[in-house]
Protein chains: 2
Amino acid sequence: MKYHKIPDETIRRMPLYVRALALLEQEGQETISSRQLAERLRLNPPQIRKDLSYFGAFGTRGIGYPVISTARRIRAILRLDVPQKAVLVGAGRLGTAIAVYPGFSVFGLEIAAIIDNNPTKIGSRVGRLEIEHIAAAATLKARGIRLGLLAVPAEAAQGCADVLVQAGVKGLLNLAPCCLDVPKQVKVVSIDMAMALGVLPYYV
Amino acid sequence: MKYHKIPDETIRRMPLYVRALALLEQEGQETISSRQLAERLRLNPPQIRKDLSYFGAFGTRGIGYPVISTARRIRAILRLDVPQKAVLVGAGRLGTAIAVYPGFSVFGLEIAAIIDNNPTKIGSRVGRLEIEHIAAAATLKARGIRLGLLAVPAEAAQGCADVLVQAGVKGLLNLAPCCLDVPKQVKVVSIDMAMALGVLPYYV
DNA sequence: CTCTGTGAACACATTCACAGCA
DNA sequence: TGCTGTGAATGTGTTCACAGAG
């Protein structure tokens with residue numbers, strides 16, 4: 001395909017493909033057609049073909065896409081072929097739930113540090129990680145941590161974001177119900193569960 | 001404005017407006033212009049004006065939008081003017097974090113029941129709610145619960161979804177890393193934190 | 001003059017239809 | 001035949017530019 005700017009929506013779906021392909025690999029399936037994959041993910045087959053074709057030819061005509069190598073290629077596109085470390089800020093209930101969540105590894109993601117500002121929590125363990133003081137942010141860059149998760153109250157989120165950005169963090173997953181002000185080279189994805197739940201009554 | 005189908009993206013942003021207006025109300029601000037609101041939410045002013053105009057004229061030219069009544073009208077549009085009850089399935093770490101999260105009330109949402117299949121957990125309390133057995137799903141309809149949150153492992157999610165749909169639940173917020181098969185009159189919103197984090201390395 | 005409300009223009013994303021390879 | 005890869009057509013959502021109200 002000629003040069004095309006890759007749609008953000010395509011990027012957003014890529015981890016979905018990684019997740020599905022990882023499962024297929026576990027099931028021992030070697031190839032999958034866009035039709036089968038679309039059925040699993042409730043997408044349209046041409047959508048999947050176009051998404052993948054933005055990055056070149058992945059499949060074999062008449063057969064489909066090879067499960068293992070397609071997963072590997074998508075991971076490489078998303079820069080998930082190298083382990084990506086993240087710092088989690090906030091060791092409350094949500095924070096600890098995230099810290100022990102095993103689902104990050106499919107994407108090569110690892111929670112490599114936990115930070116909290118509550119002095120009574122510092123030094124205690126969550127899984128195999130020790131909760132650190134916010135001052136430890138200064139060491140993040142040296143430890144190769146460039147992603148951050150904010151699981152703190154809304155009032156604290158902007159301050160934490162500032163500290164992480166200062167510490168060289170380039171991508172933030174914000175779980176607090178607020179918007180963040182960050183330099184534009186820092187990418188923020190926000191998730192607000194209450195907002196997500198809030199749209200449902202409109203549709204039901 | 002003449003008849004227009006309202007974009008899904010517009011609906012998705014409406015809770016954002018509710019959240020911002022609730023905060024403004026707390027701050028005592030009586031009106032807000034699309035420009036000011038856009039700055040807070042990092043959107044464009046025309047976007048906000050168009051979103052609101054789909055539902056009629058909310059604002060006063062030269063002044064802006066009245067904070068309180070606009071919030072009330074959006075809540076009514078989203079059916080959040082009547083209290084909406086939800087059942088939470090899964091009383092693990094993520095489930096309990098959600099159960100005690102205070103952020104739902106801004107939207108008139110309430111976690112009104114918690115269900116888990118672990119017999120040792122049944123009867124114990126999370127906040128002021130008692131964890132119930134999955135068999136209690138049969139009582140959901142009578143209790144006016146039409147929304148569900150799934151905070152269970154991926155392997156259990158489809159089964160739980162089936163039970164909830166059977167029990168008359170019309171909207172689901174799925175936090176498990178999988179897709180769900182539901183009748184098309186049931187609306188599903190899925191959140192996968194690992195997937196959301198997984199797109200960040202591409203952008204950084 | 002300020003700010004809303006909105007048709008029209010534009011940009012972006014999805015779906016179609018089919019050429020081309022296995 | 002079965003399935004991918006892709007330009008073209010369609011559909012959806014955003015932004016612009018300005019008319020019109022306060």
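Computed over heavy atoms, backbone and side chain alike; hydrogens, waters and symmetry mates excluded. In what follows, chains carry the letters A, B, and so on, assigned in the order in which the sequence lines appear, proteins first and then strands, with residues in each chain numbered from 1. Remember, it's a predicted structure, so these values are computed and weren't measured experimentally.
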Length of the line joining A/H4:NE2 and C/dA11:C1', which is rounded to integer Å: 13 Å
Are B/K50 and B/E9 within salt-bridge range, i.e. N to O under 4.0 Å? no
Among C/dA8, D/dA8, C/dA19, find the nucleotide with the atom closest to the side chain of A/R61. C/dA19
Separation of A/E9 atom CD from C/dA11 atom C1', in whole Å? 14 Å
With a 4.0 Å cutoff (strictly under), does any side-chain N or O of B/Y65 reach OP1 or OP2 of C/dT2? no
Remember a base hit wins even if backbone is also touched, and classify A/K50 as base, sugar-phosphate or nothing at under 4.0 Å, heavy atoms. base
Check the phosphate of D/dC3 against A/R49, side-chain N and O only, distance under 4.0 Å to OP1 or OP2. Yes or no? no
Tell me: CG of B/D8 to C1' of D/dT12, nearest whole Å? 10 Å
Which part of the nucleic acid, if any, lies within contact of B/R13, taking any heavy atom under 4.0 Å across all strands shown: a base, the sugar-phosphate backbone alone, or nothing? sugar-phosphate
Spacing of A/I48 atom CD1 relative to D/dG5 atom P, expressed in whole Å: 12 Å
For a quick test of reading the model: is some side-chain N or O of B/T60 closer than 4.0 Å to OP1 or OP2 of C/dT4? no
C/dT14 C1' sits how many Å from A/R12 CZ, rounded? 13 Å
Pairwise side-chain contact, B/L109 with B/L80, heavy-atom cut-off 4.5 Å (strictly under): yes
Grab the OH-C1' distance between A/Y54 and D/dG7 for me, whole Å please. 11 Å
Determine yes or no for a side-chain-to-main-chain donor-acceptor pair under 3.5 angstrom, with B/N44 supplying the side chain and B/P46 the backbone. no
Atom pair distance, as rounded to whole Å: CG in A/L41 and P in C/dT14: 14 Å
Could you please name the option among D/dT15, C/dC3, D/dT6 that lies closest to any side-chain atom of B/Q47? D/dT15
A/R73 charged N/C atom sitting above A/F55 aromatic ring, 6.0 Å / 45°: no
For a quick test of reading the model: is some side-chain N or O of B/N44 closer than 4.0 Å to OP1 or OP2 of D/dT15? yes
With side-chain contact (heavy atoms from CB on, under 4.5 Å) as the test, pick out the partner of B/I48 among B/L43, B/I32, B/L16. B/L43
B/R35 side chain, from C-beta outward: closest of C/dA13, D/dT6, C/dC3: C/dC3
Heavy atoms under 4.0 Å, any strand shown: does B/S34 hit a base, just sugar-phosphate, or nothing? sugar-phosphate
For B/I32 and C/dT4, give me the distance from atom CD1 to atom P, rounded to whole Å. 10 Å
